[in-house]
Amino acid sequence: TRRVLGVIRPTVEQLGRHTKTGHIGVFGTPGTIQSESYDMEIAKLYPGFKTVGHACPMWVPLIENGEASSLGADYFVKQEADRIIDKDDNIDTIILGCTHYPLLYTKIRKYIPEHISLLKQGEIVASSLADYLKRHTAMEARLSHNAHTTYLTTENASKFSTMASLFLNNDIEATTVEL
C-alpha cells in the first residue's frame with residue numbers, strides 16, 4: 001500500500017484555526033469547483049460550516065503566460081474577489097485552491113478585505129508532511145537527503161523549465177521524454 005499525502009484534507013483540517021464565522025470561500029479552477037471536493041471534505045470535518053466555491057477561469061492562464069504582475073491580472077483578481085464576497089459577505093477564510101494561485105497572492109490580498117484569512121495550500125501541505133515524517137521516523141529514515149532532482153516532462157522542456165522555475169523560485173532544467 002502506498003500512502004499519498006493529499007492537498008485538500010490538510011488544508012481543510014486548518015480551517016478551525018482560522019474561521020470564526022464558519023463561512024469558507026474557495027477560489028479554484030472550474031474543474032476543482034465543479035468537483036465539489038472542498039465542499040465534501042469540509043462537510044465531513046466541519047458539518048456546520050458553509051462553503052462557497054468560486055471558479056476563477058482566467059487566473060491560471062494569466063500566470064502561465066507571465067501576466068501575474070500585470071494590470072490585466074489586477075482586473076481579473078478584483079473581479080473574482082468581488083464576486084466571491086457578493087456570494088456571501090460572512091466569509092472570513094478563503095482557500096487558494098490551486099497550486100498556481102499563491103503567485104497571485106499579493107494581488108488577491110489587495111482586493112480581499114483584511115479580516116479575511118487567505119490559506120495557501122503549499123505551506124499547509126509542507127507542514128503536514130513534515131509532521132507526518134516526525135511521527136513516522138522509519139519512513140523518514142528511508143528518504144534520501146541532499147539528493148539531486150531530475151525533472152522529466154512530456155511537454156516542451158523549455159516551457160516546463162520556465163514555469164517550474166517560477167513556482168519553485170529556483171532555476172530548473174527539464175528534459176523532454178516520450179512515453
Side-chain angles (χ1 to χ4, degrees), residues 3-135 163-164 166-170:
R3 293 186 174 263
V4 176
L5 176 64
V7 174
I8 296 172
R9 178 78 182 220
T11 304
V12 170
E13 288 173 347
Q14 295 298 311
L15 292 176
R17 297 181 183 180
H18 293 275
T19 185
K20 289 180 177 65
T21 66
H23 290 246
I24 309 300
V26 179
F27 281 137
T29 63
T32 296
I33 299 305
Q34 190 173 33
S35 76
E36 298 183 348
S37 306
Y38 285 92
D39 307 61
M40 290 184 279
E41 198 65 29
I42 291 169
K44 278 189 229 170
L45 292 179
Y46 302 102
F49 284 14
K50 180 179 181 203
T51 306
V52 176
H54 185 74
C56 305
M58 291 300 296
W59 290 10
V60 169
L62 283 167
I63 293 164
E64 289 187 348
N65 286 289
E67 297 295 327
S69 59
S70 72
L71 291 176
D74 276 272
Y75 172 81
F76 288 107
V77 169
K78 181 178 181 337
Q79 184 179 57
E80 304 306 354
D82 290 346
R83 287 177 178 165
I84 199 168
I85 299 305
D86 286 347
K87 288 180 179 181
D88 181 351
D89 60 7
N90 288 314
I91 290 172
D92 71 350
T93 305
I94 296 176
I95 297 169
L96 303 183
C98 173
T99 56
H100 288 59
Y101 294 176
L103 295 173
L104 291 172
Y105 181 85
T106 304
K107 289 188 184 297
I108 297 167
R109 181 77 274 165
K110 181 176 168 182
Y111 297 111
I112 291 292
E114 281 183 37
H115 73 279
I116 296 177
S117 297
L118 293 176
L119 302 185
K120 298 184 210 175
Q121 295 177 307
E123 296 165 4
I124 294 168
V125 173
S127 176
S128 178
L129 175 59
D131 178 63
Y132 180 86
L133 292 174
K134 280 181 197 169
R135 292 181 287 113
M163 291 309 302
L166 179 65
F167 281 94
L168 298 175
N169 201 22
N170 202 352

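With sequence neighbours excluded, the residues satisfying ring pair (Phe, Tyr, Trp, His ring centres under 6.0 Å) with F27 are W59. With sequence neighbours left out, the side-chain contact (heavy atoms from CB on, under 4.5 Å) criterion links P30 to A55, P57. Take R135 and apply the side-chain contact (heavy atoms from CB on, under 4.5 Å) test, not counting sequence neighbours, and it matches D131, Y132. Evaluation of the side-chain contact (heavy atoms from CB on, under 4.5 Å) rule for T51 yields V26, D39, I42 as partners, not counting sequence neighbours. For Y105, there are no side chain to side chain donor-acceptor pair (under 3.5 Å) partners two or more places apart in sequence or in a different chain. Listed by chain and residue number, nothing satisfies the side-chain contact (heavy atoms from CB on, under 4.5 Å) test with A43 (two or more places apart in sequence, or in another chain). Residues that satisfy the side chain to side chain donor-acceptor pair (under 3.5 Å) test with Y101, not counting sequence neighbours, are absent from this structure. When the ring pair (Phe, Tyr, Trp, His ring centres under 6.0 Å) test is applied to F76, no partner is found at least two apart in sequence or on another chain. For R9, the side chain to side chain donor-acceptor pair (under 3.5 Å) partners are E13, E41, not counting sequence neighbours.
Each salt bridge (Lys or Arg N to Asp or Glu O under 4.0 Å) pair with one or both residues in residues 60-74, not counting sequence neighbours, appears once here: D74-K107, D74-K110. Counting only residues at least two apart or on different chains, the ring pair (Phe, Tyr, Trp, His ring centres under 6.0 Å) pairs with a member in residues 78-100 are H100-F167.
Considering CZ of R17 and CD1 of I124, their distance stands at 9.5 Å, rounded to 0.5 Å. Atom CD1 in I63 sits 11.0 Å away from atom OG in S69 (nearest 0.5 Å). How far CG of L119 is from CD1 of I24: 8.0 Å, rounded to the nearest 0.5 Å. The line from SG of C56 to CD of Q79 is 9.5 Å long, rounded to the nearest 0.5 Å. Rounded to the nearest 0.5 Å, atoms CD1 (I95) and NE2 (H18) are 9.5 Å apart.
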Output side-chain donor-acceptor pairs under 3.5 Å for residues 85-93, partner residues at least two apart or in another chain, one line each.
| unit_1 | atom_1 | unit_2 | atom_2 | d |
| --- | --- | --- | --- | --- |
| K87 | NZ | G53 | O | 3.2 |
| K87 | NZ | H54 | ND1 | 2.8 |
| D88 | OD1 | H23 | ND1 | 3.4 |
| D88 | OD1 | N90 | N | 2.8 |
| D88 | OD2 | H23 | ND1 | 2.5 |
| D92 | OD1 | T19 | OG1 | 2.5 |
| D92 | OD1 | T21 | OG1 | 3.3 |
| D92 | OD2 | T19 | OG1 | 3.3 |
| D92 | OD2 | K20 | N | 2.6 |
| D92 | OD2 | T21 | N | 3.1 |

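When every heavy atom of P102 is checked against every heavy atom of K120, the shortest pair comes out as CB-CD, 4.1 Å.
Using a 4.5 Å heavy-atom threshold, the side chains of I112 and R109 count as touching.
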message = Using the rule given for side chain to side chain contact (heavy atoms under 4.5 Å, CB included), can you reason through C98 versus T32, listing the C-alpha separation, both sets of side-chain angles and the distance that settles it, and then say yes or no?
response = CA-CA 8 Å; C98 173; T32 296; over 6 Å; no
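Within 6.0 Å of the OH atom in Y111, the count of heavy atoms belonging to other residues, nucleotides or ligands exceeds 12.
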